[in-house]
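Chain identifiers are assigned alphabetically (A, B, ...) following the order of the sequence lines, protein sequences preceding nucleic acid strands; residue numbering begins at 1 within each chain.
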Amino acid sequence: MSANAPETAPRKSGSHEPLPSRLGWLTRIYIPMILKGMLISLREFFRKPVTIQYPEQKPRVSERFRGEHRLTKDAEGKMKCVACYMCATACPAHCITIEAEAAPPEWEGRDKIPRVFEIDMLKCIYCGYCVEACPKEAIEMTNKIPQVYRTRQEFIYDREKLLSN
Amino acid sequence: MAKMPAKTLSSEALRQFHDWVDEYPNKRSMLMMVLRLVEEEFGCIDDDAMEIAADLCGVNVAHVQGMVTFYTHFKRPAHGKHRFMVCATLMCALDGNTDQALAQIRAKLGLKPGEATPDGLFSCEKVECLADCDKPPVIQKDDEHFCSMKGPALDAYIDKLLTAEGKTSEQYLAATPVTMDLRVAVLPVHYNFEGEQNVGARRFDDKDPYFAPGEGSENGSARTTGVPPALKTPLTAPVAGGALNPSNAGHGANGTSGGQHG
Amino acid sequence: MAETTPPAAPPAPPASEAPKPKPVVPFSPVILKHIHEPNAHTLEHYLARGGYETARKHVGETDPASLVAIVKDSGLRGRGGAGFPTGMKWGFLAKGTGKPAYLAVNGDESEPGTFKDRHILEKDPHQLLEGVILTCWAIQSNHAFIYLRGEFILGYQRLEAAVKEARAKGFIGEKSFGKDFPLKVTVVRGAGAYICGEETGMLSSIEGGRGYPKIKPPFPAVSGLFKCPTIVNNVETIANVTHIVKNGADWHKQWGTEKSPGYKIFCLAGAVKKPGVYEVPLGITMREFIDVYGGGMVEGRTLKAVIPGGLSAPLLTPEMVDKCTLDYESLAGLGSMLGSGGITVLHDGVDMMSAIYNTMRFYHHESCGQCTPCREGTGWLEKLAHKHHAGHAHAGDTDLLADVAKNMRGRTICVLADAAAMPMQSYLQLFRPEFDKRVAAPEYVEKGRTARDEITPAAKRESVTHGAPGVLDVGMGMDRV
Amino acid sequence: MTAEVKMVNMKIDGRDVTVPADWTVIRAAHKNDIDIPHYCYHPDLSIAGNCRICMVSVKGAPRPVVGCATPVAEGMEVTTTAAAEVEARKSVMEFLLINHPLDCPECDQAGECKLQDYSVDHGRDHGRFHEEKVRKSKSTMGPHVKYWGSRCILCTRCVRFTDEVSGTGELGIIYRGDRNEIATFPGRVLDNPLSMNTVDICPVGALVSSDFLFQSRVWNLHSNPSICPGCSLGCNTRVDLDAKDQIKRIVPRRNDAVNKEWMCDSGRLNFGYVHAGRLQKPKLGGADATWKEARRAALELLALNGGANTVALISAWNTSEAMAAILDLVAVESPAARIFGYGNPVVADQVFPGFTIYGDKNPNRAGMEQVLGIADPAASLKALASETGSIGTLLLVHNIPDFVITPEFKAVLDRSENVVLLDFASGELLRYGNVAVALPTLTSFEKAGTFVNNAGLAQSFEPVMEPATYGLSEAEIVEALKRDVGAATRAGAAA
């Protein structure tokens, strides 16, 4: 027993008598309460519903909602990602797969781009660490709610999908 | 020396070289003077001249290239036949003396510092102290040294050169000057050697006599150091950055000596 | 052939205005005595004025140690810039190493504002050569190198000719002056590198390398040229040797001050009426030198500052000029240095920001790039000075200048980093208000990341192509190092 | 120690240390586990003293000095962590980084970069340089080396390497001041057989291997020590593998008695055979078989006539353990069999001023001499080849990648009626019609063993990775065969 627990009258050990009820008789017959509940339900029939018809309807989400990922592009339309593996390193779910390759020679000032950039959305926990880790601001989270697909393969987003997401 | 330079030294120059051999404790220490010798012999120090100097002094040609690019007064192929070096250090630059000389050269030849005329006859550059600080501005033109070289003296001198070359000032003013490129040619970074993949660890199959018994390399012989590989891309810009762009002549661009902050 | 105009003849030294308690001895130029005579560079001219007599008398005859003693007694200090006592330096030469000893004469007069050696080399090369012969005998070296800067074209031709003449006459060669003293004199030409004026940088250049200074210790006197004991002296120092050996140590000491005996060639440039080279006794006042020898300031200008010892010497304000005498100690006391004796007078119309920017550009261009602080620091100083010059410096840039200059000092192999940092520190100390006037923008910190992100795509592309790959937008948490 | 080495006593950070008199401060400190940061200093190269990061304070000196160039002296007192040198290092670190592109995300060196390490240890946490950086060239130096100029800190280790160790001098410094770059002469390339050492000694990401370029981030690799089987020197190596146990690169491991810190390019790059062209399963007459079937067939062939017409032909690429195991097997199974050795043909040594690549491309020739008593594998094979008459069973323990079948070797094969092949590769040998049984073995990266190098130094190594195939080491195969024999004997006895 903790030291600062309030002191109460010691219960008689071994007593099995029920404690007296503190509810009044009106309450104990429950009918007014049932009526009250039904009234609330009835009122909500005429109000605007708070639920939405997902997935036909999409919810409005916060600006800071962490939805599906997107790979960003620079002013010239080239992907910003340099395949530094920072996101993959930071990812607690190990859902990011990157394979690097040399950037095309005509991309001035760029050495490396991802040949493969895949995110397994089934593994992803949407923590946003990848966005935090990115030194190039090349990955960000959209406010798209994760989609539903029929096969597991479809949940693996590749580079092109992420770039156009 | 797999690649033989296209040029050869004249017998006089070789005699001069052999005179020097006794003067120096070793051949390497003759390099400064040998570079002067080949510069005089060929008019400037180009790649062939460096090979010759390296051969004479028994040093690696990469070292000679390091020497030539370290010392700013060696004449390179990019420099004009008449190379104007205008002192731009404080004592000459005070009271606008350097600026005046440069302005005069520009008015006559259309050259800004760091530029050469398209025909390669004239070039102009800013250099650091030429050690005649009491009579600014100091200009060195190749092996000629001039004090207080501004105003009519400079104009007359340039006119004299123009006449000797059979050119006129107007010709140059109408032409677009070229930026002097003193950089060293290097292979671009995306260059791949023969049989090389861009990525991926490969089996090592060249140059090692054991691992390359006729297959792998087409001619069956291992490549040795010194034979330049066939280039897929022309041997020009070191960076995919176009440092030749005149507007780039900002802070310390590659090797454009004196061309800074034009 | 272009020819320099002969320098103005040094005026007769004023009779008696030396503030020294020492008896005033009238002084007439010693080394520069004949430079404005035509054909002074020829052997005939030199022989006619008693040339090579001293060398003939001593080489192979006198005990070398006694020559060293004479020079040591004379108190001759190195004229190249550091002012190290020459005789003492000769005494440090490692003996009994079994390796040959070398003499390397530093004629790479690269400090801007200095042009004295040019006159010795062009007008009186035999005088230098006799000094070389005597020095070689004194330090028992059989091989002397004379390293000239590449710009001394006439000087090289005349010195080379002089060496040939002396060789033909038997002054140098297998048997110098017929004595059993083989001596080789080799002239090496530089090609435009300030750093080769630094003694070990010059040795590297003579060895056929890039002019990279070497780590000291070991000092050249122990392991220098080709890893052999080497004495490095300035051209003027060596030229002095003949006169000191000829006339004795006391003769030399009759001029100058207690610690800076003798006379020295000073080069005067800038806003004076009569710039040029002047040989004066050490210890005369700076004012006297500027007003009497230099003929005073140019018309309509007043003195703003004086660079007393070549470009790297800290500046003197007019008040300091009044207190200054031309000797090593006085200038050191004023926080500057006598250096190589290149005095540049800046008038009141000089924009100090322009001057410091020019100075910093010089050091940036001339840094050899061997040590990190100098290689990177000189460029940084230039860029910051350029911002002040162009008037778009940020608040804090001026303090940064001071800090960068401080960080460069004393952390490199040679003193070029110090030579670049010293004028910067001096300008900052003396002309700080002019720096502050050019500060246009608030501090960087206030701009922060968002400001950077607001760069328009076009501007960004522009900077990307101008900057190094990936310079602009690389993060890793330290994005603006 | 025959020569008397003069020792001096000195103090580093308050610790009394005794070191040889010709050492420098940094070497004395490193020897005593006191870390002094350094870029240009390398124990096997000359002293350049240009990076200026190894600043230490020496009692009596007015300002910090560089540890790499300061000789030790009796009674010297050095501090490495006092305010003066910490401040000096901080400023040097800042200077090093101002023109550095900070492109760590794109740089292969990230994760093993001295700039990163020392920046954390000695640098400042923010930058004060807002100006435009100096641009430098990026270039391909040679077939295996690329150069990123703007990352270069001009420590000149690579230049000193080509001057002093490889002696080929392809590299030089060009330009001046902060425009300095490393470059080859136009038309010449850095293609000496030791070129990739420059990548190793580059403390930053300026020189990178074009073979490892963008292959992996180094923190995703795991490393294990090994011994290079490329030649008879037996360079000590570190094998870096990725998460899928694929070898990504091989780099030298310091061993002053063998290879110092160098290694040849060929040894670094010759690991392709581990992951490709492997013999995956035992083969019986050209068709896949189970281990059990293959073992039974092998035993039958070996035991033919008590081994009277059996020859064991063992290559000098095998570990000493494998040779001993085979010897063991032969003794049990075919006591009358004869044992011969063979190996790669020996070519001329490639001698460099600081390193030798041996022409004897057999890692364990000395081990073969010790275990099998065959000093010259080539002569041994020649002796076998000069015989006539058929060989009943040839137990061929091969394990040589990229083996070129010589006429002599072919003659031996042709004379053999049945060949029992132990090899890891599914190469040309397997296609010989008379290879009756082929048992997959393991490469030296996948098994433990010992190579004895040409100096007689036995170097043991452990597997660096899980086997890539269903192969077994020779010792395991022999063990299983012996078990089979035992089982058969027991069964026979029971019957």
Side-chain angles (χ1 to χ4, degrees), chain A residues 69-76 78-120 123 128-140 156 158-159 162-163, chain D residues 97 99-113 115-116 119-120 126-127 132-141 143-152 199 204-222 240-244 246 248-249:
Chain A
H69 307 75
R70 169 164 70 201
L71 288 178
T72 57
K73 296 175 181 175
D74 64 9
E76 293 168 35
K78 296 170 182 164
M79 72 179 121
K80 282 187 186 172
C81 179
V82 296
C84 71
Y85 292 65
M86 276 301 171
C87 48
T89 306
C91 181
H94 302 297
C95 68
I96 305 179
T97 310
I98 301 174
E99 280 174 35
E101 68 174 358
E106 60 273 15
W107 285 29
E108 280 179 20
R110 286 284 294 279
D111 295 331
K112 192 165 69 156
I113 55 168
R115 179 163 50 86
V116 173
F117 193 110
E118 287 177 354
I119 301 180
D120 187 342
K123 285 188 191 167
Y129 279 14
C130 48
V131 180
E132 300 253 338
C134 184
K136 292 279 187 182
E137 296 170 5
I139 188 167
E140 60 187 30
I156 298 175
D158 65 2
R159 193 182 76 172
L162 288 166
L163 275 169
Chain D
L97 287 177
N99 280 318
H100 188 84
L102 301 175
D103 58 348
C104 305
E106 289 176 274
C107 177
D108 265 4
Q109 190 84 2
E112 51 184 11
C113 176
L115 274 176
Q116 289 181 331
S119 185
V120 171
H126 67 284
E132 194 179 312
K133 304 203 179 204
V134 177
R135 285 161 302 130
K136 294 183 184 175
S137 64
K138 289 194 274 187
S139 66
T140 300
M141 288 264 176
H144 306 298
V145 182
K146 289 187 193 293
Y147 176 66
W148 260 254
S150 37
R151 294 176 192 158
C152 182
V199 176
V204 301
L207 289 170
V208 292
S209 152
S210 40
D211 298 273
F212 183 63
L213 189 70
F214 307 151
Q215 289 287 296
S216 175
R217 302 316 303 252
V218 292
W219 57 83
N220 290 336
L221 299 174
H222 58 278
D240 289 351
L241 306 109
D242 67 5
K244 295 175 197 152
Q246 299 273 315
K248 285 292 173 186
R249 63 174 177 186

side-chain contact (heavy atoms from CB on, under 4.5 Å) partners of A:Lys123, counting only residues at least two apart: A:Cys95, A:Asp120
Closest heavy-atom pair and its distance - A:Pro135, D:Pro105: CG-CG, 3.5 Å
Nearest-0.5 Å distance that lies between atom CD1 in A:Ile98 and atom CZ in D:Phe214: 14.0 Å
Is there any N or O donor on one of chain A and chain D with an acceptor on the other under 3.5 Å, and could you list each such pair with its distance?
| unit_1 | atom_1 | unit_2 | atom_2 | d |
| --- | --- | --- | --- | --- |
| A:Cys84 | O | D:Arg217 | NH1 | 2.9 |
| A:Thr89 | OG1 | D:Trp219 | NE1 | 2.7 |
| A:Asp111 | N | D:Glu106 | OE2 | 2.7 |
| A:Asp111 | OD1 | D:Lys138 | NZ | 2.6 |
| A:Asp111 | OD1 | D:Trp148 | NE1 | 3.4 |
| A:Asp111 | OD2 | D:Trp148 | NE1 | 2.7 |
| A:Asp111 | OD2 | D:Arg151 | NH2 | 3.3 |
| A:Lys112 | N | D:Glu106 | OE2 | 3.4 |

